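Everything on this sheet refers to the single structure shown next.
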Amino acid sequence: MNTRPPLETTSLPLVLSITFNDDCSCFAVGLNTGFRIFSSETCTQTTAREFNAGVGLVQMMGKANYLGIVGGGRKPKFAANKLILWDEGRSKSALDISALTPVRGTQLSKERIVVVLQNSVRLYKFAKPPSFITAYETANNPLGLCRMSSRIIAFPGRSAGQVQVVEIATSNVSIIPAHTAAIRALQLSLDGELIATASETGTLIRVFSTRTCAKIAELRRGIDPAAIFSLAFNPSGTMLACTSDKSTLHVFDMPKGKRLGGQGEDGAPETANDQGKWGILSKIPLMPRFVKDAYSFATHPFEAGDEPSSANQLLTESSTLGTMRLPKGVIGWLDDTSLLVVGAGTDARWEKFIIKDEGGGKRSLAKAGWKRYLAD
């Protein structure tokens, strides 16, 4: 007699991936049955495409009709080693790029297509058919980490803990030795001038200038190791948000004037430590490093969601985009003082938070709304 519990059936919608477009006005989710696009501000569904088959990744190109799609789930719509450029206006595939290994991620612009593989990043000209430009070797990159602005492309380096920054116009490559452990998360500011990174250790977040590769800030999420889920700058680049498997949203200040070589109150070059939470203790010599580090000015728990074990069993079987965990805590900023945290799975949630001024220079995070966005 078979007493094993049945696996999740495909009749239950399961979100396999979440991505925001470049200005975070929309977010797209890949499902075990197709994909959907939502307005970020209201969490209102704007597009639904049913394939009766799985989409492990859907990446928007701004607000254009073109989407980058990779198959996923137990019953994938497309082969795992193929990137489909989907034209939603015409409801059909416009282009496709095949690779020798599974596609882990993609970035799109009107001129370039970036295909992220487990150990390389391949750059193509957006044409019909796509024209191969060049490839860059990377360290093991199962999460498909890569970000692109109008000026640069950033992705893990060839050695663990490094980040490569490629100037699109010149193809010049700069290497940032960001961490000693493998890169777990990276994100560019909206203008592409800053890059934030976190390693698999998850205790420290480092911010660098993409032009000079100089370290701008070192921010402490906590003392205990954690898996960083998401990093995101607010539109002006003055704050950085972070989520992790601790189910906590952190928001940090960026050092004022640091990009321009600004100074702190004592006339010295300003650093993130000027905002340390330990006050005068951070000025005492020989104190532990964590006392001197810069901490978030506000935190708030977010909902990771309650997933049935069968949902994670389904993802384990499909190994969507090289990860055995459904994405949670994906951050998108609506404006400089409000942001979203969106999760995947069957209990897929949208949460909105705002930064409140408490007076006296103090600020806090408050939840302004939430929704199970797959619910009818």
Side-chain angles (χ1 to χ4, degrees), residues 15-30 38 40 43 57-60 104-107 116 141-149 154-156 163 178-179 182-190 194-207 219-222 225-235 237 239-252 254 296 298-305 320-334 338-345 348-353 355 365 367 370 373:
V15 176
L16 300 175
S17 70
I18 305 161
T19 58
F20 283 91
N21 64 348
D22 50 6
D23 65 359
C24 294
S25 59
C26 305
F27 66 93
V29 298
F38 295 83
S40 295
C43 196
L57 173 68
V58 53
Q59 178 72 53
M60 290 174 283
R104 300 306 191 195
T106 185
Q107 295 285 293
V116 186
N141 186 17
L143 297 177
L145 300 177
C146 182
R147 294 292 182 267
M148 179 167 62
S149 72
F155 45 86
V163 174
H179 303 271
I183 301 295
R184 165 76 193 198
L186 62 84
Q187 186 60 267
L188 293 173
S189 58
L190 187 60
L194 300 175
I195 184 169
T197 65
S199 75
E200 290 181 342
T201 307
T203 53
L204 292 173
I205 300 163
R206 295 190 172 109
V207 182
L219 312 170
R220 181 167 289 277
R221 179 212 54 81
I228 301 298
F229 286 164
S230 184
L231 298 171
F233 290 94
N234 69 341
M239 300 180 200
L240 178 71
C242 164
T243 55
S244 73
D245 62 358
K246 302 293 186 182
S247 296
T248 303
L249 168 65
H250 295 258
V251 180
F252 301 85
M254 292 303 300
S296 54
T299 63
H300 199 288
F302 68 90
E303 292 291 339
T320 302
L321 297 183
T323 177
M324 298 297 184
R325 189 184 186 114
L326 294 165
K328 299 289 184 180
V330 181
I331 304 169
W333 287 83
L334 296 173
S338 61
L339 64 162
L340 305 177
V341 177
V342 184
R349 305 192 187 196
W350 166 97
E351 296 177 271
K352 181 179 180 180
F353 298 88
I355 298 172
L365 275 168
K367 186 182 288 190
W370 75 279
Y373 61 86

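Numbers here simply count residues along the sequence, with the first being 1. All values reported here derive from a predicted model rather than from experimental measurement.
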Looking only at side-chain N and O atoms, does Thr248 offer a donor or acceptor that is under 3.5 Å from a partner on His300?
no
Looking at side-chain heavy atoms only, is the closest gap between Leu240 and Ile205 below 4.5 Å?
yes
Side-chain (Ser40) to main-chain (Cys26) donor-acceptor, under 3.5 angstrom
yes
Please report the interatomic distance CG(Leu249) to OG1(Thr299), rounded to the nearest 0.5 Å.
8.0 Å
Tell me whether Ser189 contacts the main-chain N or O of Leu194 through its side chain, where contact means a donor paired with an acceptor under 3.5 Å.
yes
Nearest 0.5 Å please: distance from the NE2 atom of His250 over to the CZ atom of Phe302.
9.0 Å
Run the side-chain contact (heavy atoms from CB on, under 4.5 Å) check on Cys146 and Gln107 step by step: do they pass?
CA-CA 7 Å; Cys146 182; Gln107 295 285 293; 4.0 Å; yes
Is a side-chain donor or acceptor of Asp245 paired with a backbone partner of Ala227 at a separation under 3.5 angstrom?
yes
Lys352 side chain to Trp370 main-chain N or O, any donor-acceptor pair under 3.5 Å?
no
So, taking the atom named CG in Leu188 and the one named CG in Leu190, what distance separates them when rounded to the nearest 0.5 Å?
10.0 Å
Please determine which of Leu204, Leu231, Leu145, Leu186 meets the side chain to side chain contact (heavy atoms under 4.5 Å, CB included) test together with Thr197.
Leu186
Are any side-chain N or O atoms of Ser244 and backbone N or O atoms of Ala226, one a donor and one an acceptor, separated by less than 3.5 Å?
no
Side-chain contact, heavy-atom cut-off 4.5 Å: Glu351 with Phe353?
yes
Heavy atoms, side chains only, cut-off 4.5 Å: are Phe233 and Val207 in contact?
yes
Under 3.5 Å donor-acceptor, Tyr373 side chain and Val342 backbone:
no
Thr203 side chain vs Arg220 backbone, donor-acceptor pair below 3.5 Å:
no
In terms of the angle between their ring planes, are Phe20 and Phe27 parallel, tilted or perpendicular, with boundaries placed at 30° and 60°?
tilted
Is any side-chain heavy atom of Ile228 closer than 4.5 Å to a side-chain heavy atom of Arg221?
yes
